[in-house]
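Structure, as structure tokens:
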Amino acid sequence: MTAPASPPLLPEEPAILDVRHAVRAWLARHRPAGGVVVALSGGADSLALTAAAVAEAPSVRAVVVDHRLQDGSAEVAAVAAARALELGCAGADVVAVDVTGRGGLEAAARAARYTALDAARAGHPVLLGHTLDDQAETVLLGLARGSGGRSIRGMAGYDAPWGRPLLGVRRDVTRRACAELGLVPHEDPHNSNPAFTRVRVRTEVLPLLEDALGGGVAAALARTAEQLREDGEVLDDLAERTVASARDGEDLLIEHLVHVPVAVRRRALRLWLLDLGAKALTDKQLRAVDDLVDRWRGQGGVALGGGRVGVRLVASRRRGRLSAGFVND
Ligand SMILES: Nc1ncnc2c1ncn2[C@@H]1O[C@H](COP(=O)(O)OP(=O)(O)OP(=O)(O)O)[C@@H](O)[C@H]1O
């Protein structure tokens with residue numbers, strides 16, 4: 001679909017101005033060379049994002065993914081694309097996908113969506129409508145599922161090509177922005193289905209925490225995620241340098257690892273093992289590999305998942321070197 005002659009001017013109301021400020025700040029920080037693509041679901045967050053992006057960015061194209069999982073999904077996608085053009089997007093494409101991947105419906109739909117968005121972005125960054133509330137939910141889910149700082153870092157403001165300008169904006173602000181613009185967002189029934197863990201975190205866990213702890217929990221979780229992300233990036237950088245200095249062929253030399261602070265060393269070991277093909281490393285496995293460096297008492301190798309049937313990756317220490325290789329089960 002192509003655009004009408006000139007985009008309508010947006011009203012100067014408080015909520016849409018907040019969303020515009022967030023998009024303006026993101027554009028100023030990341031300076032995308034040409035235009036941007038907005039991933040538009042038709043929900044309030046990405047609709048408000050689309051309106052704000054049109055007002056702030058030189059050129060905006062919307063891409064709507066039709067997951068074809070619900071009756072009438074093609075119609076919902078077509079309506080969203082039409083809204084995007086009315087708001088002034090230079091183009092609006094609907095991309096239909098087949099959700100066939102593994103790992104549950106939610107994960108499969110997400111994987112299909114990101115693949116489709118990546119294929120449709122024509123070299124431009126893709127802006128997503130994740131809000132501060134989404135970030136808080138992601139942190140809580142990460143806390144329950146994973147371990148260590150990495151799992152509660154939340155989503156990045158920019159992890160090319162994916163941009164998230166609204167991570168500091170509350171969800172109720174995007175809803176109000178849509179109301180100010182006279183837009184009626186699509187309400188995805190999945191977003192209120194308690195079969196999804198994220199929905200229960202949104203509708204039950206966070207409200208309870210806000211109530212019991214006296215408010216400000218979502219904002220505190222989002223702030224914590226941002227700080228952890230910043231700290232984590234420094235540690236990741238130090239870990240990369242540690243691997244570079246300790247590496248000898250495919251092995252790591254123990255003498256370059258023993259005096260490295262444990263927070264950096266475990267990250268370095270993780271990078272090294274992932275590079276060699278380890279999959280789904282657990283905290284327990286990493287600590288066991290770290291013990292080969294720091295608590296050496298002649299112990300045997302540490303078995304790690306390598307993602308292949310019948311073989312596993314084993315890390316072991318010999319003559320001052322750490323090495324890892326695949327062995328048959
Ligand atoms: N079907 C889709 N087509 C294009 N982009 C999508 C689609 N679904 C989600 N997105 C993008 O991913 C972001 C986060 O997805 P999520 O499922 O959390 O959002 P939503 O609640 O469905 O919609 P919204 O965030 O727009 O209210 C959306 O804001 C949007 O940018």
Side-chain angles (χ1 to χ4, degrees), residues 15 19 22-23 26 36-54 60-70 72-84 87 89 91-99 104-121 124-141 154-159 161-179 181 183-193 196-199 201-203 206:
V19 180
V23 173
W26 189 94
V36 293
V37 165
V38 172
L40 175 61
S41 69
D45 303 332
S46 53
L47 211 47
L49 173 66
T50 305
V54 169
V60 179
R61 203 160 54 81
V63 175
V64 186
V65 178
D66 175 7
H67 297 101
R68 299 198 275 197
L69 292 173
Q70 296 167 24
S73 68
E75 159 105 48
V76 170
V79 168
R83 287 290 163 282
L87 285 167
C89 282
D93 298 319
V94 174
V95 184
V97 295
D98 292 315
V99 176
L105 191 65
E106 239 182 322
R110 187 180 309 114
R113 177 162 75 243
Y114 279 90
T115 302
L117 289 168
D118 197 22
R121 70 188 178 84
H124 298 297
V126 180
L127 303 188
L128 301 156
H130 294 108
T131 61
L132 183 148
D133 299 76
D134 294 312
Q135 183 74 306
E137 291 158 20
T138 302
V139 173
L140 276 183
L141 288 166
M155 298 171 280
Y158 190 36
D159 181 9
W162 314 108
R164 297 184 179 87
L166 306 189
L167 287 181
V169 175
R170 296 304 301 257
R171 186 177 287 141
D172 70 299
V173 173
T174 63
R175 299 231 163 345
R176 279 192 278 122
C178 286
L181 299 174
L183 297 170
V184 181
H186 171 64
E187 298 292 345
D188 183 347
H190 281 173
N191 286 347
S192 52
N193 182 349
F196 296 109
T197 312
R198 181 180 281 274
V199 171
V201 168
R202 177 178 309 160
T203 57
L206 266 169

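Order of appearance sets the numbers: ligands from 1, and atoms from 1 within every ligand.
Inter-residue side-chain proximity for Val79 and His186 is flagged as unmet; no heavy-atom pair is nearer than 4.5 Å. Contact check for Leu140 versus Glu137: no side-chain heavy atoms found under the 4.5 Å cut-off. At a threshold of 4.5 Å between non-hydrogen side-chain atoms, the residues Trp26 and Leu167 do not count as touching.
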**Message:** Quick one, Val126 with Val63, criterion side chain to side chain contact (heavy atoms under 4.5 Å, CB included). Give me CA distance, side-chain angles, the key distance, then yes/no.
**Reply:** CA-CA 9 Å; Val126 180; Val63 175; over 6 Å; no
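Using a 3.5 Å distance cut-off with no hydrogens or angles, the side chains of Thr115 and Asp118 do not pair a donor with an acceptor.
Within 4.0 Å of ligand 1, counting heavy atoms only, the contacting residues are Ala39, Leu40, Ser41, Gly43, Ala44, Asp45, Ser46, Val63, Val64, Val65, His67, Arg113, Leu128, Gly129, His130, Asn191.
With salt bridges taken as basic N to acidic carboxylate O contacts below 4.0 Å, none links Asp133 and Arg202.
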